[in-house]
Asks: 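Pasting a structure below so you can have a look.
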Protein chains: 2
Amino acid sequence: MRPTIKDVAKAAGVSPTTVSHALNGKGVVRRETVERIERIAAEVGYRPSAIARGLQNSRLGLLALVIRPLHSLDTFLPEGVDYFLRMAGAASLAALDRGYSLMLIDDPTRPDAPLSATAADAYIVTEPFENDPVLSMLSERNIPFVSVGSDPARPGQFFELATRDWEEALLVLDHLAAAGGTRVALLTGTDQNAWNRESQDAYLDWCARRGQTPDLAAFPEVEGEGVGEAAAERFFGAAGTHPDAVFCLTGRHAAGLNAAVAARGIRVPEELLIAAGSGAIQNRMSKPSVTTLDLHPEGIAARAVEVAVLLAEGRPPEGPLEVPTATLDIRESTTRA
Amino acid sequence: MRPTIKDVAKAAGVSPTTVSHALNGKGVVRRETVERIERIAAEVGYRPSAIARGLQNSRLGLLALVIRPLHSLDTFLPEGVDYFLRMAGAASLAALDRGYSLMLIDDPTRPDAPLSATAADAYIVTEPFENDPVLSMLSERNIPFVSVGSDPARPGQFFELATRDWEEALLVLDHLAAAGGTRVALLTGTDQNAWNRESQDAYLDWCARRGQTPDLAAFPEVEGEGVGEAAAERFFGAAGTHPDAVFCLTGRHAAGLNAAVAARGIRVPEELLIAAGSGAIQNRMSKPSVTTLDLHPEGIAARAVEVAVLLAEGRPPEGPLEVPTATLDIRESTTRA
DNA sequence: CTGAAAGCGCTTACAG
DNA sequence: CTGAAAGCGCTTACAG
């Protein structure tokens, strides 16, 4: 059994109050008493319980990061999705910087969630789903939180870092057009989040403005590169007109398509341009390498942590609630000789 | 003020005990009472305090990961050090899988550490320093922990996942020799950890066995690729005999050297072989790409979490306490035509 | 300078 | 079926 403050008090022949005072440098305790208590505490291996302490002000100095799309992914490894790993790492560091710890947690609404999942001072929820129960729960219980991207069904209802899905989609689409694309198709994921929605709407709008017939398909995020063949079949299987450029939202879909079209003898970038709305590591390394948007997850994480800390401390968030602007990493897949 | 169980009890006209029973499905409470209490709890936005609950069994379902070398790094980003990010991400997921959350924390011995830093059920400490105060503190206070790699001054004294620094060093050295290296130099970091130590000892032993004169240098991990020029000067600046192969422990040092020797007109791999003892992303992408050891941080993390969970639950760890074996990713820097 | 008491927000025997 | 009481391990007025 781990020793408590009582054990130390007993061993030192003083009251728990005095032990507390002595060990925390509060109140007034005679120097010798302090030293004796410190010695005894060390001897018995006493460590104050952070949980008991936390009970006083109900703050642990703990932030939680809930990466919603993690549920749709089979892996968290960098081979899979660069974005989340960079985000989680950067968020952890940003939290350390501000005197907090950050934990990555699964859905805290699950009945079998560990106690820790509900012990955070504030929450960061990235890419909430439509009518996301996590946001509902946090909101109902008055737990401070900030989301990255809005709940598609409830935009503007909570503290959220506005993403720039629409303008980022246009950035890629315009680049594809500038690179020579005339029939640009869109390949989205199937998660019901703002990113998929907004990108699709931006695409439809862009097509309408250009007088182009939209050509879009959706495949599950979870299948990653595995959708390559199906996507290739979808776009190039039937006779008739085929796209000469594809905008894949996820880097993994782009990587899969990139490989699948190569197998069909379609040359990238000569016959087909490919660009992705977020980067996976393999996009930089593939032959040809694939143009991707860099969403700067580190910057997003830093800002989210900043806001979360303010909320945790009961202060209003300062500055504009938005993510940094994305930049385009132009690679071989959209660079014609 | 956030509502407590008392508020709910008062509003429902019952005792806190009954609220507790009703909300947790314990004891025997009339169905209607349960429903009324649930309704009222929802109305007032009641959320049970995880901290108060945790006080009962002093367990939060929380694991802490302390990445010691983080102190010597200027960045945690993947451009910097692939290894730790992959480790942290994989550890987080492994923890989720077992019903725990995992937080990345800074040195928990710091007096200004947040409460959370000492609230974990068990700790994972990677690459402890010599006489690491973190290990001392955890050990003194009987807090369960497992280290990845041993404290160089106290090997075998605590639960630790044995690393294979020695055999991994030989793997790289033998590969360099097989690839044509005859005068193999070593470039280590300056942190006082087992990895630097063991690798150096293995190198000296290997040189002795081959009758080669050792040629070794150490540069700070924190400087990363920045050491390239200084390392190139160190190995190739003076007249006389120069190495024809360099084993850099860190991927970032290798990347820096790779670039610096190119600037001097030294061709890799024709005139100089380079290999690294751990991978950074740029090693895969550089021209030429650089051969690295893949330490499989995901496997290490999974095993560390497994052990940490057992210790947190007061059970003895099962199976051999060691990390998975590393594999060599052979790339252009050690492949002569 | 020291300590008894109350309290942080829960849970859990135990008694009614 | 319900509740008063004790307790988890601390801290903090407050009284001596």
Side-chain angles (χ1 to χ4, degrees), chain A residues 1-38 40-41 44-62 114-121 141-143, chain B residues 1-38 40-41 44-62 114-121 141-143:
Chain A
M1 279 284 61
R2 169 178 149 177
T4 73
I5 200 171
K6 274 190 193 167
D7 299 319
V8 178
K10 203 163 297 176
V14 297
S15 75
T17 304
T18 304
V19 174
S20 175
H21 281 158
L23 260 26
N24 298 309
K26 304 216 172 154
V28 198
V29 186
R30 216 190 322 170
R31 175 183 268 294
E32 309 140 41
T33 315
V34 171
E35 281 165 3
R36 186 161 46 89
I37 290 176
E38 280 174 346
I40 292 179
V44 302
Y46 168 71
R47 103 178 121 130
S49 156
I51 300 178
R53 276 187 177 165
L55 194 54
Q56 315 295 327
N57 52 5
S58 53
R59 290 243 200 90
L60 240 26
L62 222 203
L115 281 181
S116 52
T118 55
D121 302 347
R141 301 188 175 176
N142 291 309
I143 306 174
Chain B
M1 281 283 65
R2 167 176 150 177
T4 73
I5 200 171
K6 274 190 193 168
D7 300 319
V8 178
K10 204 162 296 176
V14 296
S15 76
T17 306
T18 303
V19 175
S20 176
H21 282 158
L23 260 25
N24 297 311
K26 304 214 172 154
V28 199
V29 186
R30 214 190 324 170
R31 177 183 269 293
E32 310 140 40
T33 316
V34 171
E35 283 165 1
R36 187 160 48 90
I37 291 176
E38 279 173 346
I40 292 179
V44 302
Y46 170 70
R47 104 178 121 131
S49 156
I51 300 178
R53 278 188 175 163
L55 195 54
Q56 314 296 326
N57 52 5
S58 52
R59 289 241 201 90
L60 240 26
L62 222 205
L115 281 182
S116 52
T118 55
D121 302 347
R141 301 190 175 176
N142 292 309
I143 305 174

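Chain letters run A, B, ... following the sequence lines, proteins first, then strands; residues in each count from 1.
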Asks: Of all the choices, C:dA4, C:dT11, D:dC8, which nucleotide is nearest to the side chain of B:Ser20 once you look at every atom?
Replies: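 Nearest to the side-chain atoms of B:Ser20, counting from C-beta on, is C:dT11.
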Asks: Between D:dC10, D:dG9, D:dT12, which nucleotide gets closest to the side-chain atoms of A:Lys26?
Replies: D:dT12
Asks: So, do B:Lys6 and B:Lys10 sit near enough that their side-chain heavy atoms are less than 4.5 Å apart?
Replies: no
Asks: How close or far is atom C1' of C:dC10 from atom NE2 of B:His21, stated in whole angstroms?
Replies: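 In whole Å, C:dC10 C1' and B:His21 NE2 are 12 Å from each other.
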Asks: Roughly, in whole Å, what's the span from CG in A:Asp7 to P in D:dG9?
Replies: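 Nearest whole value for this atom pair: 9 Å.
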Asks: Looking at every heavy atom in both A:Thr118 and B:Ala50, which two are closest together, and how far apart are they?
Replies: OG1-CB, 3.4 Å
Asks: Using whole Å, report how far CZ of A:Arg36 lies from C1' of C:dT2.
Replies: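 Interatomic distance, CZ of A:Arg36 to C1' of C:dT2: 11 Å.
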Asks: Of all the choices, C:dT11, C:dC1, D:dT12, which nucleotide is nearest to the side chain of A:Arg30 once you look at every atom?
Replies: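 The answer is C:dC1.
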Asks: Just name whichever nucleotide pairs with C:dT2, Watson-Crick or G-U, keeping both distances under 3.5 Å, else none.
Replies: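 Its partner is D:dA15 (Watson-Crick or G-U wobble, both distances under 3.5 Å).
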Asks: Report the distance from atom CG of B:Asn24 to atom C1' of C:dC10, rounded to the nearest whole Å.
Replies: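 Answer to the nearest Å: 9 Å.
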Asks: For the side chain of A:Asp7 and the backbone of A:Thr4, is there at least one donor-acceptor N/O pair under 3.5 Å apart?
Replies: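 Checking the backbone N and O of A:Thr4 against the side chain of A:Asp7, a donor-acceptor pair under 3.5 Å is found.
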Asks: Return whichever of A:Thr17 or B:Ala52 has its heavy-atom-nearest nucleotide of DNA chain D closer to the 5' end.
Replies: B:Ala52
Asks: A:Ile5 CD1 to D:dT12 P: how many Å, rounded?
Replies: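 That distance rounds to 11 Å.
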Asks: Between P on C:dT11 and CD1 on B:Ile37, what's the gap in Å once rounded to a whole number?
Replies: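 Roughly 12 Å, once rounded to whole Å.
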Asks: Taking atom C1' of D:dT12 as reference, at what distance in whole Å does atom CG of A:Leu55 sit?
Replies: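 Taking atom C1' of D:dT12 as the reference, CG of A:Leu55 is at 14 Å.
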Asks: Both B:Pro16 and B:Arg31 contact DNA chain D. Which one's nearest nucleotide lies toward the 5' end?
Replies: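 Looking at DNA chain D, the more 5' nearest nucleotide goes with B:Arg31.
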Asks: Choose from C:dT12, C:dC10, C:dG3 the nucleotide whose nearest atom is closest to any side-chain atom of A:Thr18.
Replies: C:dG3
Asks: Distance check: side-chain N/O of A:Ser15 vs OP1/OP2 of C:dG3, anything under 4.0 Å?
Replies: yes
Asks: Just how far, in rounded Å, is C1' of C:dC10 from CZ of A:Arg53?
Replies: 20 Å
Asks: Tell me, with the steps shown, if B:Glu32 and B:Arg36 meet salt bridge (charged side-chain N to carboxylate O under 4.0 Å, His left out).
Replies: CA-CA 6 Å; B:Glu32 310 140 40; B:Arg36 187 160 48 90; over 6 Å; no
Asks: Between D:dG9, D:dC10, C:dC10, which nucleotide has the shortest distance from any of its atoms to the side chain of B:Gln56?
Replies: C:dC10
Asks: Where the side chain of B:Ser116 meets the backbone of A:Leu60, is there a donor-acceptor pair that is under 3.5 Å apart?
Replies: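 Between the backbone of A:Leu60 and the side chain of B:Ser116 there is a qualifying donor-acceptor contact (under 3.5 Å).
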